[in-house]
Structures are given as structure tokens and as C-alpha cells.
Amino acid sequence: MEVRINREAFLSGMQKTQGIVEAKGAMPILAHVFLSAKDEEICIQATDLEIGSKAYYAANVVKPGSATMNARKLFDIVRELPDNQEIHLIKEENNWVTIKCGKSKFRLPGMPPEDFPALPEYSDQALMEFSASMLREMVKKTSFAISPDETRQALNGLLLERDDGSAVMVGTDGHRLSMIARPLLNPQSDSQDKQSFLLPRKAVAELLKQIDSEEGTLSFSEKGSHIAFFHGKQVVVSRKIEGKFPNYKQVIPADNNIQIQINRNELQHALKRVALLADEKSKMVRFEIRDNTMTLISDNTEMGAAREELTIDYSGEEIFVGLNARYILDVLNVVDEETVTLNLKDQNHSCLITMDSDKNYQSIVMPMRL
């Protein structure tokens, strides 16, 4: 194999493999990337056997062929090479590869390309199509709620549903939930039945890295136990989570009749300040709502106490509720609306966060004992 490729294109391709490769796995070859060159393109592949990626980049292929190299070392080398240069890759005997760029020259050992695991079979038939910007928004506004507890497998990823021409994405860890619905680019499909898929946390994280542009279309497909996302000449394929996701519609409160509209930026900064002295583990802040005033209070016997008042337009009954400040901030950090609405009932019921300008995005935070 001998190939010449633009340094920026190669760097972009290598960067997208770094979260996938298994640096210290049981199989040393999983720490490598697989490069194959033919037809004026170079293909870069990486896999950890659960998730894999493949992408094609324009290149001057002098001699077709394939090679593997340590993904981290290759990325570190390419990152330090000068901008706007051409990288020259030459495969030599015993799977060694020489890398030339300007006056720089490196040699890296490889492993037999035939030993590199093939990506799982995937379908190129699109079940759903998204604009890149829309899918990025959906993931950004739900993925923070994914459970970090790997023993709760069904909660360790995002639910993706196709329902009546729309895509619904939901994340929850049992203490909070975030849900977003957006219209699909292909509302008509062969199957109009509701379809549900569980996307693993790592696949979601890698998908965000692959969407390096707000333009273009992403297609989603399923085959057997695997799902795949396509974006131009890039594909991310992953084993899907097997399990039953909770009935999220049951936990969305329908009778939270106390509605507090508040400036998002003011609440965000006030909550950040008060949370500085909240309990390190629970992060609980007490919300006290009275006539035209919302008071945020944290009280920690070891750290101290904090209190801040915000002016609101409210004249109903008093309500006190304890909420995890980090959970509220996670929502405020991903929305751009100037005003958010806290929909409350009492101290024993969850807080529903909505926006008047976007009825299809909702987040729920469970209450904490005061």
C-alpha cells in the first residue's frame, strides 16, 4: 500500500477513531486502525467489537492495499505535523509503515491486516432520516440523562422511537428524564408501525463526534442485533441494547398546575452560585416559591449555607420543593430559550421543565426529601 493524503482530512479521520479503539483490551489489534486504499480513496476503520466506524476520504492511491497501525500513536503523529501538508504512507515488509510529511519521517509497526475484525453486517436501508443539525440537537438534549449505572442496561443508553412520522428520543436514569420529538425527513416509510430501538451510551457519544457538520442527512438502519447511522461516506455501527425501556409517558406529569416562568439565564447563574454550598452527594437545593419571589437555598452543616432570591410573576399558594441542582442545570445548559417554565404541584411530585417556544421538548426532575 502506498497513498498520499491531505493532512487535515487524515487528522479528522483519525480523531474520530480515538473513542472507539480499545487501548488496553485483550486483543492488541483493537488498539489499531485498519487502513485500506483503492479507487482514489482511503478507508479508516476502528472497532471494539461492540461499536465500529468506517469512513472514506479522498486520497492519491499510488498502490492499493491495506495496513494497521496503533491508533493513538498515529493520531499523535498526524496531530503534530504541519498544517496544509501532504502525508505519504508507505507499507513495507513485515507490516511496518513509513509516514513521511515534509522533512519528517516516522516508522510504525503494524499487525497483519487480515487479523483485523470485520465490522458487523449492517443494512443500508434507511428506517429514519434526520438532518445533521436536528440529530445533534436531539442527542445533546437527552444524552445527559443517561444512567451511568451499567448494571441497569436498559437505562444505559437512549431510546429512539419512530412514531407517526416523528422521531422521539428519551434518556432517563430513574431520577430524571429528558424527551424530545422532531419530524423525520422521511415521514413516509414502508412500515408505519411504531418502532423502538435502544442506542448504547458509547454509540451515542461516538455519533456526536461523527457529526462534524451541521449540514447533510443522517440515515438510521437496523439489521439483526445491530443498528447503524450513515452520514455521507461515514458509518457508525453498534450492537443495540437488548432490554425493555421504561414507559416514559407514564412519568410525564399531567396535573402540575403551578407554572413558574423564569428567565433561563438568571435561574442558571443563581442556581450555580447556590449549588456551590449544596451537599456534595445530593446536590439538593430548596426551591421556595411565594408571591412574586423564588428563593433558592442550600444548607450544608460542613460547607455552610447560601440563599438567593429571584423575582417571578406568581401570586398563588406557597410551594416548597427540593431538587437536584445539577439535574436542573443540565437542562438549562442545553436549551437556548430566553424563558423556561417550571411546572410544579407540591413537594412530593416531580418538576416538569418546558418551554413555550418548543412544546416537543420536556425534562422531568424527581423531588428530594426536604
Side-chain angles (χ1 to χ4, degrees), residues 1-5 7 9-79 81 87-101 105-124 200-203 205-207 209-210 221 223-231 233-240:
M1 182 189 80
E2 183 176 353
V3 62
R4 298 176 182 271
I5 184 171
R7 180 256 183 191
F10 197 43
L11 177 63
S12 173
M14 287 304 305
Q15 195 164 20
K16 291 172 183 176
T17 68
Q18 297 306 299
I20 295 176
V21 292
E22 284 283 311
K24 297 179 181 179
M27 295 174 61
I29 201 164
L30 296 183
H32 286 222
V33 287
F34 176 82
L35 307 178
S36 59
K38 66 176 183 178
D39 301 333
E40 302 306 306
E41 286 183 325
I42 188 167
C43 176
I44 304 176
Q45 290 187 53
T47 183
D48 67 358
L49 301 183
E50 291 292 322
I51 178 175
S53 70
K54 179 169 70 173
Y56 293 88
Y57 300 89
N60 176 11
V61 179
V62 180
K63 183 180 179 181
S66 56
T68 73
M69 282 180 280
N70 182 279
R72 185 72 218 180
K73 287 296 182 186
L74 181 57
F75 172 63
D76 288 343
I77 289 169
V78 175
R79 183 173 55 182
L81 292 174
I87 294 175
H88 189 188
L89 303 171
I90 308 165
K91 184 181 177 183
E92 301 171 350
E93 292 183 359
N94 299 320
N95 298 307
W96 282 78
V97 179
T98 293
I99 306 156
K100 296 179 180 179
C101 182
K105 182 178 178 180
F106 305 84
R107 290 184 75 239
L108 284 180
M111 298 181 74
E114 57 270 20
D115 291 348
F116 194 85
L119 291 187
E121 288 189 19
Y122 53 86
S123 170
D124 55 6
R201 168 194 285 273
K202 188 172 180 179
E206 293 309 317
L207 182 61
K209 295 177 187 176
Q210 303 294 327
S221 71
K223 184 174 184 179
S225 59
H226 290 84
I227 51 97
F229 281 93
F230 303 84
H231 184 216
K233 291 193 172 185
Q234 303 176 75
V235 60
V236 175
V237 57
S238 170
R239 188 182 300 277
K240 63 185 178 183

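What you see is a predicted model, and the numbers here were worked out from it, not measured in a lab. Throughout, numbering of the chain's residues begins at 1 and tracks the sequence.
Using a 4.5 Å heavy-atom threshold, the side chains of Asn95 and Pro113 count as touching. Contact of the Val236 side chain with the Ile51 side chain is registered, since non-hydrogen atoms from C-beta on lie closer than 4.5 Å. Considering only heavy atoms from C-beta on, Val97 stays 4.5 Å or farther from Leu35 through its side chain. Counting heavy atoms from C-beta on, the side chains of Lys209 and Gln18 never come closer than 4.5 Å. Here the side chains of Phe10 and Leu74 are in contact, with some heavy-atom distance below 4.5 Å. Taking 4.5 Å as the limit, every side-chain heavy atom of Val62 sits out of range of all side-chain heavy atoms of Ile90. Under the 4.5 Å side-chain criterion, counting only non-hydrogen atoms from C-beta, Ile44 is not in contact with Lys16. The shortest distance between side-chain heavy atoms of Phe106 and Leu81 falls below 4.5 Å.
Shown are His226, Lys54, Lys223; of these, the side-chain hydrogen bond (donor to acceptor under 3.5 Å, both in side chains) with Tyr122 is made only by Lys54. The salt bridge (Lys or Arg N to Asp or Glu O under 4.0 Å) test with Glu50 singles out one residue from Arg239, Arg201, Lys202, and that residue is Arg239. With respect to Thr98, the side-chain hydrogen bond (donor to acceptor under 3.5 Å, both in side chains) criterion is satisfied by exactly one of Glu2, Glu92, Lys91: Glu92.
Taken from CZ in Phe116 to CG in Leu30, the straight-line distance is 7.0 Å, to the nearest 0.5 Å. Annotation: the span from Asn94 atom CG to Met111 atom CE amounts to 13.0 Å, rounded to 0.5 Å. If you take CG on Leu11 and CD1 on Ile77, they are separated by 12.5 Å, rounding to the nearest 0.5 Å. Atom NZ of Lys105 is separated from atom NE2 of His88 by 11.0 Å, given to the nearest 0.5 angstrom. Interatomic distance, NZ of Lys38 versus CE of Met1, reported as 14.0 Å (0.5 Å rounding). Atom CD in Glu22 sits 10.5 Å away from atom CE in Met27 (nearest 0.5 Å).
When all heavy atoms of Gly52 and Leu119 are compared, the closest pair comes out as CA-CD2, 3.8 Å. Across all non-hydrogen atoms, the minimal contact from Thr17 to Ala71 is OG1-CB, 4.3 Å. Taking both residues in full, the closest heavy atoms of Ile5 and Ala58 are given as CG1-O, 3.7 Å, listed atom of the first, atom of the second, then distance. The two residues Met69 and Leu108 come nearest to each other via the heavy atoms SD-CD1, 4.0 Å. Counting all heavy atoms, side chain and backbone alike, Pro112 lies closest to Ile29 at O-CD1, 3.8 Å. Closest of all the heavy-atom pairs between Ser221 and Phe230 is OG-CE1, 3.5 Å.
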- prompt: Where do Gln210 and Ser53 land on the side chain to side chain contact (heavy atoms under 4.5 Å, CB included) test, with the steps shown first?
  reply: CA-CA 9 Å; Gln210 303 294 327; Ser53 70; 4.1 Å; yes
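Around the OH atom of Tyr56, the shell of radius 6.0 Å holds no more than 12 heavy atoms that belong to other residues, nucleotides or ligands. Atom NZ of Lys240 sits in a crowded spot, with more than 12 heavy atoms from other residues, nucleotides or ligands closer than 6.0 Å. More than 12 non-hydrogen atoms from other residues, nucleotides or ligands lie less than 6.0 angstrom from CD of Glu114.
Applying the side-chain hydrogen bond (donor to acceptor under 3.5 Å, both in side chains) test to residues at least two apart or on different chains, the pairs with a partner in residues 65-74 are His32-Thr68, Arg72-Asp76.
Taking the ring-ring contact (aromatic ring centres under 6.0 Å, His included) definition, one finds that Phe229 meets it with Phe220, sequence neighbours left out.
In terms of modelled atom types and a separation under 3.5 Å, the side chain of Ser12 and the main chain of Ala9 share no donor-acceptor contact.
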